[in-house]
Trainee: 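First, the structure itself, so that you have it in front of you.
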Number of protein chains: 2
Amino acid sequence: MVSSVDVAKLAGVSQATVSRVLNNPEKVNAPTLEKVKAAIQQLNYRPNAAARSLISRKSGIIALFCGQLDEPDNAEFANKAVMNAQQKGYTVEIHIQNPDKPESVFDAILDTQAEGIMMGPLIIKGTAVEYLKTSGIPYIFCGSGGGQEGITVGMDNHAAGKLAAEYISSLEPETVGWLGGDPSDLRLQERYQGFVEAMKESGVRIVKVTGDLEDIELPFTAMMAQKQRPDVIVAATDSFGIFALDFLYDYGYAVPEDVAVLGIGNSRQSAMNYLSLSSIGLPDDMDMVAEAFDRLSAMIENNGQGSRGSADVNPVVYERRTTKTY
Amino acid sequence: MVSSVDVAKLAGVSQATVSRVLNNPEKVNAPTLEKVKAAIQQLNYRPNAAARSLISRKSGIIALFCGQLDEPDNAEFANKAVMNAQQKGYTVEIHIQNPDKPESVFDAILDTQAEGIMMGPLIIKGTAVEYLKTSGIPYIFCGSGGGQEGITVGMDNHAAGKLAAEYISSLEPETVGWLGGDPSDLRLQERYQGFVEAMKESGVRIVKVTGDLEDIELPFTAMMAQKQRPDVIVAATDSFGIFALDFLYDYGYAVPEDVAVLGIGNSRQSAMNYLSLSSIGLPDDMDMVAEAFDRLSAMIENNGQGSRGSADVNPVVYERRTTKTY
DNA sequence: TTGTAGGCGTTATCAA
DNA sequence: TTGATAACGCCTACAA
C-alpha cells in the first residue's frame, strides 16, 4: 500500500504538505502543489479512508437495513434510499434481512461505523430497537413500522387496513379473505388490525391465511376450496395480491367478477396495465424516502439531536381493474 | 466515543488486555476476563472499525456496483450478491448507477476501501475499467459484460442475441422489431450484434428502436404505426418486453397472434402466469452470482491472484405464451 | 498472565 | 509557505 509518506518522499516534501495538497490546496505554493500532484499520479496514491475516519470520527457511511430485494417494494425503497444517500455524498452499506433468521441482520447494528441508520421495510424484532438505542447512532424508520420506538416516516399501516375495509364494503362482499405475510411483521399486523376493527361493524365473515410468499400456496388453496370461499381478497402486500391474481387466473376465476382482489402498498408493478391491481398506497406526490433521508441527515448534522416524533402518512385508494369493471 | 482505554480504566487493567479479551479471550485469565467483559457491557463499548482496519489492512467490505434497483433484474442480482457476501462475513457497500450521469458512479472506485469489487449489471464506460485496473483491488464482472477487460461471469450476450434470432425464425416473421435499451450499454450492444448477425442469412426485415425505458414509448409507437409493422418483437431485456406487452395490450393487439414478444434475461417476473413472457436466459440450475462470488473471494484470499479468464454461460430459450399458443 | 511501547496512515496544531 | 509532532483507537511483539 502506498501512503502519503511515500508521496512525500518522491516529491521531496514533508508528509504534512501532502496532506495539505489533499485538503487545503489553496494553502500550498503552486510549484510544490504541482510536484506533489505529480507524485500522487505517478504512485497512484489513494488516501486511506480508515486512517481518515479514525481522526475525523466520520465514516461517511449510512447503513441501510431492508428486506429481500426480490420483493419489488423493497427494491424500490432501497433504490431511492441509496440514490438519496449517494447524492448527499454518503456511501451506503446495505444489510439485507434473511427471512430464515430475521434477527441475525441486526447484529450488524453493533458493529457498524455508520453515521446514520435507515431502517427500511423489514421485519423488526425487539433486539433491533434495543441495539439501535444503545448504538448511539441516529436512526430512522421508513416504511418498516418501527412504531413508537423511534422516528418513523411511512404509511400509516393501521389506517391502510381500515381504508381497505371501508373500500371493499362498497363491493358488498359475503366473505372476505385476508391474505397476509409473515405474522411477525409488525407492519402487516397493524394493517390487519386496522382492517378487522373496521370490518367488525359490517358483520361480514373474514377468513385469514398467513405465511411467507413461498409457503402460501397450500393454505390459500385450502381457503379457496371451502364452501364459503371469499369473493373479495385483501392482500397484506401487493406481492400477495399478485400471487392471488396468478392463482385465480390459473384456477379459472374471473377477476373481479368471481373474486375481487385488493393489494396494499401500491407498488409500481400493481399499476401496470397487464396487472392493474387495485391497491392502497401513499399519495402519488409523496416521496417518503426523501423525507426520511432529510430528517436523518439533519439528525446526523445536529449530532443526533433530531426532531423525534413520527410522520405517518394517510394512504389513499388506487382503484383499478381487480376490483372494478369499467 | 468510548474507547478501549476507557474500558481498561474501568476494569483496572491495561488497554492491551482489553484488546486481548476481544481477540484472544483464551489468553486471559477467567477473573480478568469477567471484569473486562463487565466493563465493556457497562460502557456499551464498541470497537472502532476504522482503527482496526488501519492495522489489519482489511476492511471486510465488498463494493457492489449495479444499475437501478427498480429494474427487477438488477434487484434480483443485488439481492443475491448481498446475501452471498453477508453469508461470507463481508459487509456490502452498494453503489447504484445514475442513468443521467452513468460515469459518476465509478468515482467511488477511487475512494473505496473495499477488499473486492463486484461489477454487476450496469453500463460500463471506459473509465470504469481504467479505475478498476489502477485500484489494485480484485474485481469481477458479473452480468455486466465487462468483456475482455477482466474476469467475467455471466450470460454470453452475443450468443443470447443469436439464439433469439434462431428461435424466432421458427415463427416465420415478416418484420422483426428490436426493442433495445440504452445504446451505450455494452451488454445490449452485444445482444443486438449477435442478433443481427444470425438474422442476416434469413433476409427478414429488421426495425430497431432504442432508448431508456422512460423514453421508449414514443419511438415504439412510431414503429407500430408503420405500414410494415413488426409481427415479432425481440426485447433487449425483459423489462422492455414487459413494456411491449403492456403497450400491445393497450392498443388492442393479440399476443402472440398479432405480434409475438420475446424477452432476454428470463427475469423472475417473466415466468409469472399472468405475464408468461417468453425469454432467453441462463439455465435454471446455474447460480451465476454465487459462482462469481466464489471467484472473487478466492482472489481476495490469494491476494489478488485469481484465475483470470471469463466464464460466459450459454443461454437457453424459455418458451412461454407470448410466442406460442398452446 | 499481564503491561509497556511502537506503529498503522491521517489530520491538525504549532513553530520555524 | 512549510516541517515537526502529537493525537485518533487499536493490535502486537516484547518485556516483566
Side-chain angles (χ1 to χ4, degrees), chain A residues 1-40 43-61 91 110-115 135-137 303, chain B residues 1-40 43-61 91 110-115 135-137 303:
Chain A
M1 151 156 281
V2 33
S3 77
S4 55
V5 175
D6 301 319
V7 176
K9 274 182 195 155
L10 180 61
V13 299
S14 78
Q15 184 277 332
T17 301
V18 177
S19 190
R20 253 177 240 117
V21 170
L22 257 39
N23 304 299
N24 303 90
E26 73 280 4
K27 288 191 177 175
V28 34
N29 253 1
T32 20
L33 190 75
E34 290 315 312
K35 264 195 301 181
V36 174
K37 275 189 175 172
I40 287 179
L43 293 179
N44 185 33
Y45 162 73
R46 307 161 27 147
N48 183 316
R52 276 188 159 170
S53 77
L54 180 57
I55 205 163
S56 69
R57 284 131 178 282
K58 282 184 185 162
S59 63
I61 290 176
T91 297
L110 296 177
D111 292 327
T112 189
Q113 227 59 30
E115 293 179 43
S135 77
I137 303 174
N303 210 12
Chain B
M1 152 157 282
V2 33
S3 77
S4 55
V5 176
D6 301 319
V7 176
K9 274 183 194 151
L10 179 61
V13 298
S14 78
Q15 185 276 329
T17 301
V18 177
S19 193
R20 259 177 232 116
V21 170
L22 256 38
N23 305 298
N24 305 90
E26 72 279 3
K27 287 189 179 177
V28 35
N29 253 359
T32 21
L33 190 75
E34 290 315 314
K35 263 195 303 183
V36 174
K37 277 188 172 171
I40 288 179
L43 293 179
N44 186 32
Y45 163 72
R46 309 164 24 150
N48 182 315
R52 275 186 160 171
S53 76
L54 183 57
I55 286 189
S56 68
R57 283 128 181 287
K58 284 185 185 161
S59 62
I61 291 177
T91 297
L110 295 177
D111 292 327
T112 188
Q113 227 60 29
E115 295 178 42
S135 76
I137 303 175
N303 209 13

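As the structure is a prediction and not an experimental result, all values here were calculated from the model. So you know, we letter chains A, B, ... as the sequences are listed, proteins then strands, and number each from 1.
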Trainee: Go along nucleotides 9-16 of chain C 5' to 3' and tag each nucleotide: B for a protein heavy atom under 4.0 Å from its base, S when only backbone or sugar atoms are that close, - otherwise.
Mentor: BBBB----
Trainee: Given side chains that start at C-beta, do those of Q113(B) and N48(A) come closer than 4.5 Å, heavy atoms only?
Mentor: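 Yes - at least one pair of side-chain heavy atoms lies under 4.5 Å apart.
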Trainee: Assign S53(A) to base, sugar-phosphate, or nothing according to its heavy-atom contacts below 4.0 angstrom with the strands shown.
Mentor: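 Counting heavy atoms under 4.0 Å across all strands, no contact is made by S53(A).
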Trainee: Please report the interatomic distance CG(N24(B)) to OG(S19(B)), rounded to the nearest 0.5 Å.
Mentor: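 Those atoms lie 8.0 Å apart.
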Trainee: Restricting to non-hydrogen atoms, name the atom on V18(A) and the atom on S4(A) that form the minimum distance, rounded to 0.1 Å.
Mentor: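 For V18(A) and S4(A), the tightest heavy-atom pair comes out as CG2-O, 3.7 Å.
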Trainee: Check the phosphate of dG3(D) against T17(A), side-chain N and O only, distance under 4.0 Å to OP1 or OP2. Yes or no?
Mentor: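 Yes, T17(A) has a side-chain N/O under 4.0 Å of OP1/OP2 on dG3(D).
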Trainee: dC8(D) P sits how many Å from D6(B) CG, rounded?
Mentor: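 Going from D6(B) (CG) to dC8(D) (P), I get 11 Å.
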Trainee: How many angstroms lie between atom OH of Y45(A) and atom NZ of K37(A), to the nearest 0.5 angstrom?
Mentor: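 Reported value, rounded in 0.5 Å steps: 14.5 Å.
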Trainee: Do P25(A) and L33(A) come close enough that some side-chain heavy atom pair is under 4.5 Å?
Mentor: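 Yes - at least one pair of side-chain heavy atoms lies under 4.5 Å apart.
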Trainee: In whole Å, I'd like the distance from the NZ atom of K27(B) to the C1' atom of dC14(D).
Mentor: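 These atoms are roughly 13 Å apart.
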Trainee: Excluding sequence neighbours, so at least two apart, what forms side-chain hydrogen bond (donor to acceptor under 3.5 Å, both in side chains) with E115(A)?
Mentor: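 For E115(A), no residue satisfies side-chain hydrogen bond (donor to acceptor under 3.5 Å, both in side chains) once neighbours in sequence are set aside.
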